Undergrad: 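Dumping the structure here so I can ask a few things about it.
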Amino acid sequence: MIAEYYLKRWRDAGLVDDSAVARIGAWEAQHRRPIWLWALSGMGALAIGLGVLAVVAANWEEIPAGAKLAGDLLLTGLCAVFVFVAWRRDQAWPREIGALLLFGLVIGGIALIGQVYQLQSEPWQALVTWLALSTPFLALVAFTRMVGALWLSAVVLTWFSAYDSLERLIMPLASGFATGHFFHLLLYLLACLMIVVAVVRRRWPPAEDQGELLLKLALAGLVGAVSTTVAVIDSRLASAVAPVEIWLGAVATLLAAAALWLGSGALQRRPAIALLGASFVVWAASLLLARAWNAEGKAMFEAIFGLLFIAYWSAIGWLAARGGQRVLFGLAFTVIGLRLLILYFEAIGGLTATGLGLIGGGVLCLALTWVGWRLTRRLAHGAVP
Amino acid sequence: MKRKLAALVIVALALPLVALAAMIGQQEWLRSRVTVLNVPVRGVDPRDLLRGHYLTAGFEWNWERLPQSEADGRIPAGALCVIAIDAQRRPRVRFLPDSTAGQATAGDCLLVVPGGMWGRDAFVPGTIDTTNGGFRLFVPETRAGELERLIRERPGALSVDLAVRADGYVSIQELRVDGQALGR
């Protein structure tokens with residue numbers, strides 16, 4: 001539908017003739033990927049998986065435990081056979097949906113066993129078992145971006161449900177420090193870990209698209225982790241643990257950089273490694289700055305963190321411009337504008353000042369829009385701003 | 001190459017099935033060759049994301065004598081000594097401190113269950129995960145409200161069967177309401 005809209009626009013502008021429109025239309029019809037059908041079927045499989053979990057959770061008393069367990073194993077076995085047959089026959093749609101369904105049945109089975117035998121383990125242990133049992137078959141038979149994104153969501157869910165246990169793992173390295181202070185490290189480590197996984201995934205030709213999406217999501221996660229750290233960190237969070245965090249962050253960054261270096265071509269790896277490097281520098285700088293935080297100079301520190309945030313997003317914008325990524329460039333520009341506006345408001349107080357601040361902020365936004373428009377147009381013509 | 005890949009796919013697809021069956025087998029095996037104790041429970045009610053409704057409960061042990069606090073008020077580390085089991089399989093217990101004096105009396109115990117004290121009379125076996133002396137009992141959705149009332153208003157109505165291995169490993173085998181097993 002989008003292609004038809006653009007074809008009509010280009011034909012009306014005299015850029016393509018009728019025969020070219022007909023040829024492009026025929027090719028698109030033949031190679032059409034009905035994304036809405038994939039999304040709908042994905043939602044269906046997800047709903048079935050969640051439904052199985054809810055039925056398990058309802059814990060029907062009338063059905064004996066043995067029958068429930070046997071039924072679950074039978075259903076899981078049948079689904080596994082279905083996925084295998086679909087894989088052998090190279091039927092993409094049934095294979096992907098079947099794999100997603102099996103993914104849901106496995107967590108349903110684990111939950112059922114925990115319920116029947118009154119197991120007292122933490123939810124994250126069940127989630128880790130789920131990923132350990134499901135990742136091998138998903139890696140071998142599921143290649144769509146939809147399944148990749150859902151798997152990544154499951155990893156993120158598992159990672160954060162194990163937050164307390166991960167903190168306890170890190171705690172001995174930062175002896176005597178209270179819990180709740182490692183969130184920026186855990187965000188950063190997860191993003192680096194996912195970069196490694198995505199690069200490895202992208203190396204397998206059938207899963208190249210899936211790996212590409214995972215890499216984009218992991219890099220977006222990295223930017224999110226660094227931005228969150230710079231936005232919310234202060235002395236309470238980092239005074240005692242910064243050296244340990246920076247050390248662990250450096251190891252994770254090196255691993256991710258090595259994966260990107262070995263797993264991508266020269267042109268592909270440069271922007272990703274540059275983004276990774278800039279992210280680590282900004283992330284580590286914010287931790288070091290937070291250690292030096294002085295309560296008396298709070299306004300100055302907030303301004304420094306604001307400028308660090310802007311510098312980071314300027315680097316992202318510059319990398320996006322060099323790579324010709326207009327959407328990312330526009331996003332970076334918008335984020336910088338918003339942060340400038342917040343910085344502007346942080347520096348003022350009182351009702352009159354707030355009113356003047358709103359007027360000034362509005363003028364600032366309009367000025368930034370004008371600059372952004374000019375830069376985006378230059379980008380469209382291939383010039384680096 | 002294709003055959004190797006097919007074999008890998010079969011192994012990967014069979015893995016969850018085999019692992020789930022193994023988890024069931026392990027639980028069944030753990031329940032064979034055990035001594036079953038019946039212990040009353042007390043507690044409150046929220047929900048579990050994965051496993052539905054549950055009651056948070058604590059054990060009501062039939063103490064011969066309660067553990068003695070140390071000079072600084074702390075309860076010493078130690079284990080539970082089962083000194084007698086009645087006809088209803090209800091155990092009479094005493095606390096066995098890790099000290100030499102405690103070890104000297106361990107010979108009288110029918111069973112020794114390692115674990116920890118969470119308050120003056122709340123002992124939780126080490127193999128049952130807890131952060132506050134409570135543990136979860138998964139119950140049917142349709143009876144969650146009734147059981148929650150029962151556990152609050154009629155102490156002793158709810159009890160659990162604990163499967164205790166000779167090495168002190170404990171797992172919850174059954175939830176009972178007035179002596180009747182639930183959901184089996």
Side-chain angles (χ1 to χ4, degrees), chain A residues 53-66 68-70 72-74 76-77 79-84 87-88 98-99 102-103 105-123 125-127 129-130 132-141 161 164, chain B residues 2 5-28 30-31 47-55 57 124-125 127-131 134-144 160-163 170-175 177 181-184:
Chain A
L53 264 184
V55 170
V56 167
N59 193 356
W60 290 340
E61 200 181 355
E62 292 77 13
I63 304 174
K68 279 194 259 189
L69 290 169
D72 178 71
L73 284 181
L74 183 69
T76 308
C79 191
V81 171
F82 174 78
V83 173
F84 181 71
W87 176 79
R88 282 294 285 228
L102 188 58
F103 193 37
L105 283 171
V106 172
I107 184 66
I110 293 168
L112 182 64
I113 291 169
Q115 186 188 75
V116 166
Y117 293 102
Q118 300 281 356
L119 301 181
Q120 300 295 313
S121 53
E122 292 291 322
Q125 290 172 307
L127 293 172
T129 310
W130 176 42
L133 297 181
S134 304
T135 301
F137 75 77
L138 286 178
L140 286 169
V141 304
S161 66
D164 290 340
Chain B
K2 183 81 180 167
L5 188 61
L8 263 179
V9 170
I10 290 171
V11 170
L13 286 169
L15 177 69
L17 197 66
V18 172
L20 290 176
M23 283 161 76
I24 296 169
Q26 185 207 21
Q27 291 306 318
E28 290 296 334
L30 287 174
R31 286 176 175 205
R47 277 172 66 117
D48 181 87
L49 179 69
L50 295 179
R51 290 164 284 198
H53 285 260
Y54 65 88
L55 304 171
V124 181
T127 50
I128 292 180
D129 254 9
T130 182
T131 50
F135 58 94
R136 283 171 294 183
L137 287 168
F138 301 103
V139 296
E141 182 186 29
T142 47
R143 296 191 63 184
V160 287
D161 283 353
L162 293 181
V170 173
S171 59
I172 298 171
Q173 193 175 55
E174 210 88 76
L175 170 62
V177 182
L182 199 76
R184 286 233 167 204

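Within every chain, numbering begins at 1; the chains are lettered A, B, ... in the order of the sequence lines, protein sequences first and strands thereafter. On a predicted model such as this, the values are computed, not experimentally measured, just so you know.
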Undergrad: Would you mind checking which part of A/Thr76 comes under 4.5 Å of any heavy atom in chain B, side chain (CB onward), backbone (N, CA, C, O), both or neither?
TA: both
Undergrad: Flag the one option from B/Ile172, B/Ile24, B/Ile128, B/Ile10 with the top tally of heavy-atom pairs under 4.5 Å to chain A.
TA: B/Ile24
Undergrad: Measure the shortest side-chain to side-chain distance between B/Leu20 and A/Leu69 over non-hydrogen atoms and say whether it is less than 4.5 angstrom.
TA: no
Undergrad: Should A/Leu102 and B/Leu13 count as side-chain neighbours, where that means a heavy-atom distance under 4.5 Å?
TA: yes
Undergrad: Of all heavy-atom pairs between A/Val106 and B/Pro16, which one has the smallest distance, and what is that distance?
TA: CG2-CB, 3.6 Å
Undergrad: Could you check B/Gln26, B/Glu28, B/Gln27 and say which one makes a side chain to side chain donor-acceptor pair (under 3.5 Å) with A/Tyr117?
TA: B/Glu28
Undergrad: When only pairs under 4.5 Å are counted, which of A/Thr135, A/Val83, A/Leu73 shares the most heavy-atom pairs with chain B?
TA: A/Leu73
Undergrad: What is the distance from atom CZ of A/Phe137 to atom CG of B/Leu17, rounded to the nearest 0.5 Å?
TA: 11.0 Å
Undergrad: Give the minimum heavy-atom separation between B/Ala12 and A/Leu140, together with the two atoms involved.
TA: CB-CD1, 3.7 Å
Undergrad: For A/Ala132, which atoms come within 4.5 Å of any heavy atom of chain B: side chain, backbone, both, or neither?
TA: backbone
